[in-house]
Each structure stands twice: as structure tokens, then as C-alpha cells.
Number of protein chains: 2
Amino acid sequence: MTSESQTARAGYHHGNLTEVLLEAAIALIEEKGVDALSVREVAKRSGVSPGAPFRHFSSKTALLTAVAEQAMGRLTAAVRAEMSKAGDADPIEALRAIGRGYLAWALSNPTHFQVISSRSLIDFHASPRLVEENEAIRIVMVDLIARAQREGRLRPGIVPADLVFSSRAFIYGVARMWIDGHFKEWHVERPAPEAMESALDLFIKMIDAKP
Amino acid sequence: MTSESQTARAGYHHGNLTEVLLEAAIALIEEKGVDALSVREVAKRSGVSPGAPFRHFSSKTALLTAVAEQAMGRLTAAVRAEMSKAGDADPIEALRAIGRGYLAWALSNPTHFQVISSRSLIDFHASPRLVEENEAIRIVMVDLIARAQREGRLRPGIVPADLVFSSRAFIYGVARMWIDGHFKEWHVERPAPEAMESALDLFIKMIDAKP
DNA sequence: CCTTTGTGTAATCAGTGATTACATTGCTAT
DNA sequence: ATAGCAATGTAATCACTGATTACACAAAGG
């Protein structure tokens, strides 16, 4: 059992450049930020010539899209994990779990989140995985909100379809304010996790029929 | 009365390059997007050598920060205009006016909005104007929400300070979803202005003590 | 064995932000 | 008026970027 299974570095052919490039890209993004990413640097880190990555990813955008696919998988996993922790007895609590999972993940993986939500760095609609996984979470929200209304758990006067959009907008807004560094300007002094949790709390309180 | 008051193009010295560069930058951003902006192109459009802009803006970031300052002025103007239309009898309605003005402006000036809210394109905290104008609007919100609570117009259980943050997060989330092109994925079929208006409506309904 | 297909290299292109040395201008003080 | 000075524009250049091309090498299959 030789130790070449990880890197698989033959002399000329690299073996599994695709994966290595992805890892290198992620590491680099996490170190220097998304804007400072260059495929040349990724290539250098992978011990390969500057043009090599283009054999595996047709463009820088394609590389970042692949990064986004991996990230999206982790995001939905985090959301689902938080949901199963909450159980599915209470639809409102399930919605809170989604928000919590989403925010917690965005907080822990700012650069990944940035890549996912950008539409100039990646080509979102060119990736079925991205589209489908995003849609899956949306469907879950639609169902939960519909169920919440049926069970009278929703504040009267709220249109379900509008709430789906508004919930997402709210969570996305909180996450992006963090990512974009707006907390300071809005005098959020508490640690980010607490601030997000209490923001989430307020929103849930606002949609809930009764405390 | 010669017609050189606008451009003031002498032979060698340009006269008012600073302003012309700003206008060219804005035009270019509006044409090709923020990412495609280059100071070389700005220089070319202004009929000047590639290095000239750096006499007036120490870096590309500084140029974009200047663009942001101008944009921020227009944003707060739009918000204030909408506020004065609503009058200040009802604090809740004043808050709605802020949200409406903000969203309408973001919708009409997507690229400008993108520049303002970015923290990698511009150096926000290096510009007193940006910081102060942002803070001014925030103070208005703080006051309005405090007043709303005093007058019993706020839904019980809402902490004013939390609502300031959450309101902004919500509005920012809606605006960014639009800017980042997330409406399609979230099945917002209606025209954007309507979608934003009804999202705003829902939020106001949620914070209001009683319809 | 020999061809075909995939993969990496080397060289190169056009375009970028930024810096430097230099040219030109116009204002100000004598 | 004119000498000097500070401001402003130019030209050349640097290191870097994403991307493309022609070519070198290697493994797989007939």
C-alpha cells in the first residue's frame, strides 16, 4: 500500500488534478478572499503549470462553480441537520431550524457563502446541482409554511407565498450583512452568533400566531 | 461665452478631470457592470492617458469610493423624499416610507447600490461622508421605532433595538436578492417593484400592533 | 506494436492596477 | 514681466491576470 492514493502524483500525469485543484482553490479563497483568487496560484499550489487547470475547468467561473456545488451540498446538509434536531412536530420550530442552520453555516463559512450567493463569480443556472438543491430547500419552506397556516400557527393576514419570499429575504439579509461587513455600521456589538440568533427570534415571533 | 465650461478641455491640462472621470466611471459601470470596470477604460473614455486618473484617485478603490459617495447622497435623498411624502404623523408609515424609498432606489440604480454595499470595491470607513450619511438614516430609524413603541404602535414583545437591525436586514435582504439575481430562483414572477412593495407590506404588517 | 485519446507543458496574447521618470502647464510672488 | 513652483498629464514599464495555442508525453486498446 503505497501512499500515492491521496495525491497520486505520477511523473507527468497528475492523476486526480480535478480534486486537488478544488481543494487548493478553497484553501486559497479561505486564506486571501474570493477576489484574490487566481487560477495561476491554484495551479502553482497544485504543483502544475498555469494552463493545466483549464483542462479540467473551462474557465475560472467553472472552477468557482464547482466550488459552489460542493459548498451548496454542505449548506443544505447543515440546514437538514438542524431540522432533524428540531423534529417535525412544530412547523414554526422547523422554520426556525432552517434559519438557524442557514445562518450558522454562513457564519462559519463566509467565503463559501459568498461564492454560493454570487452570480458573477459562478454560473448558477449552468449547474443542475445548484439549482436543484436550492429548489429543494425552498420546497421544504413552502410546505412548512403551508402546514403552519393549516394548523393555525401563522399570524392572521399573512399570505403564505409572500412569507416564503420574505423569510428567505430576511435570512439572506442578515447573512449578507455579516458577509459584507455591515454589522459594525449598524452597531451590532454582540458577537455575531448571538445577534443572528436574536434576530431570528424576533422574526419567528413576528410570524407566530401567538407566543 | 465659449462652450468650454462643461468639459473645459484645454490642450494639455484637462481642467476638471476629477468630475469627468467620475461620470465616465458611472457610465461604464452602468454599461458593463461593476466587475468589468477598469480605470484604463475610464481614462480612455475621458480622452486621457492610462495613468492620469491616479493623479486624482490614489487607487481604483478610491475612485469607486468617490462613486459611492455620490450614490449614497442620492440614496438618502430618495429616502428622505419618500419620507416627506408620507408625513410624520404615523411612525409606522414613516418606517414604511424609508423602506419604500430604499427599495425603489436600489431597484432603479442596481449598480450604484452594489457599489455602496460592497466593502471590497470601496473603502467605506475611509469616507466620513459614507459613514455619516449611513448613520443619519440609522438614527432616524432608531427614533421612529422608539416613538412607535411609546405610542403603542409596535407589536408587543418586540425589542426596539432588535427591530432596527432586523428591519434593515430585511430591506437589505430584499434589495440584495434583486441585485444578486436571486428572484428567479425564488420564483418571484411578478415585476420586481410589486414584489418588493408587497414584501414591505408584509413586514410592516408583522411589526404593527394592529391593522 | 502502433494509434488514439487524455492530460500536462511552454509560449504567448491582450488586458489589468500601479509606479516611475519626465513633459507641460498655469499660478504666484517678486 | 518673469522666475520658480506646484499641479497635472504623458510615456514607459512592472508584475500579474485569464485565456488560447501548439506541442510533449503517457496510458489504454485494438
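Keep in mind that what you see is a predicted model, and the values were worked out from it rather than measured. So that the names make sense, note that chain A is the first sequence line, chain B the second, and so on, each numbered from 1.
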Could you list the residues that satisfy side chain to side chain donor-acceptor pair (under 3.5 Å) with [X], not counting sequence neighbours?
| X | answer |
| --- | --- |
| D90(A) | R153(A) |
| Q114(B) | none |
| T76(A) | E133(A) |

Specify the separation, in whole Å, of atom [atom1] of [X] and atom [atom2] of [N].
| X | N | atom1 | atom2 | answer |
| --- | --- | --- | --- | --- |
| L64(B) | dA18(C) | CG | C1' | 15 Å |
| L28(A) | dT17(D) | CG | C1' | 14 Å |
| F57(A) | dT7(C) | CZ | P | 12 Å |
| H56(B) | dA18(C) | NE2 | P | 16 Å |
| K44(B) | dA14(C) | NZ | C1' | 11 Å |
| R55(A) | dT21(D) | CZ | C1' | 9 Å |
| L17(B) | dT8(D) | CG | C1' | 9 Å |
| F54(B) | dT16(C) | CZ | C1' | 9 Å |

Which residue, T61(B) or S49(A), contacts DNA chain C at a nucleotide closer to its 5' end, judged by nearest heavy atom?
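The residue mapped nearer the 5' terminus is S49(A).
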
H56(B): what forms a side-chain contact (heavy atoms from CB on, under 4.5 Å) with it, not counting sequence neighbours?
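So H56(B) forms a side-chain contact (heavy atoms from CB on, under 4.5 Å) with L17(B), T18(B), L21(B).
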
side-chain contact (heavy atoms from CB on, under 4.5 Å) against E135(A), all qualifying residues, sequence neighbours excluded
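Testing E135(A) for side-chain contact (heavy atoms from CB on, under 4.5 Å), a comparison that skips the adjacent residues, returns R138(A), I139(A), H187(B).
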
Can you sort out which residues in residues 36-43 of chain A have a heavy atom within less than 4.0 Å of DNA chain D? Ascending by number, please.
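DNA chain D contact set from residues 36-43 of chain A: L37(A), S38(A), V39(A), R40(A).
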
R45(B) and E31(B) ion-paired at < 4.0 Å:
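Here R45(B) pairs with E31(B) in a salt bridge, since their nearest N and O are under 4.0 Å apart.
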
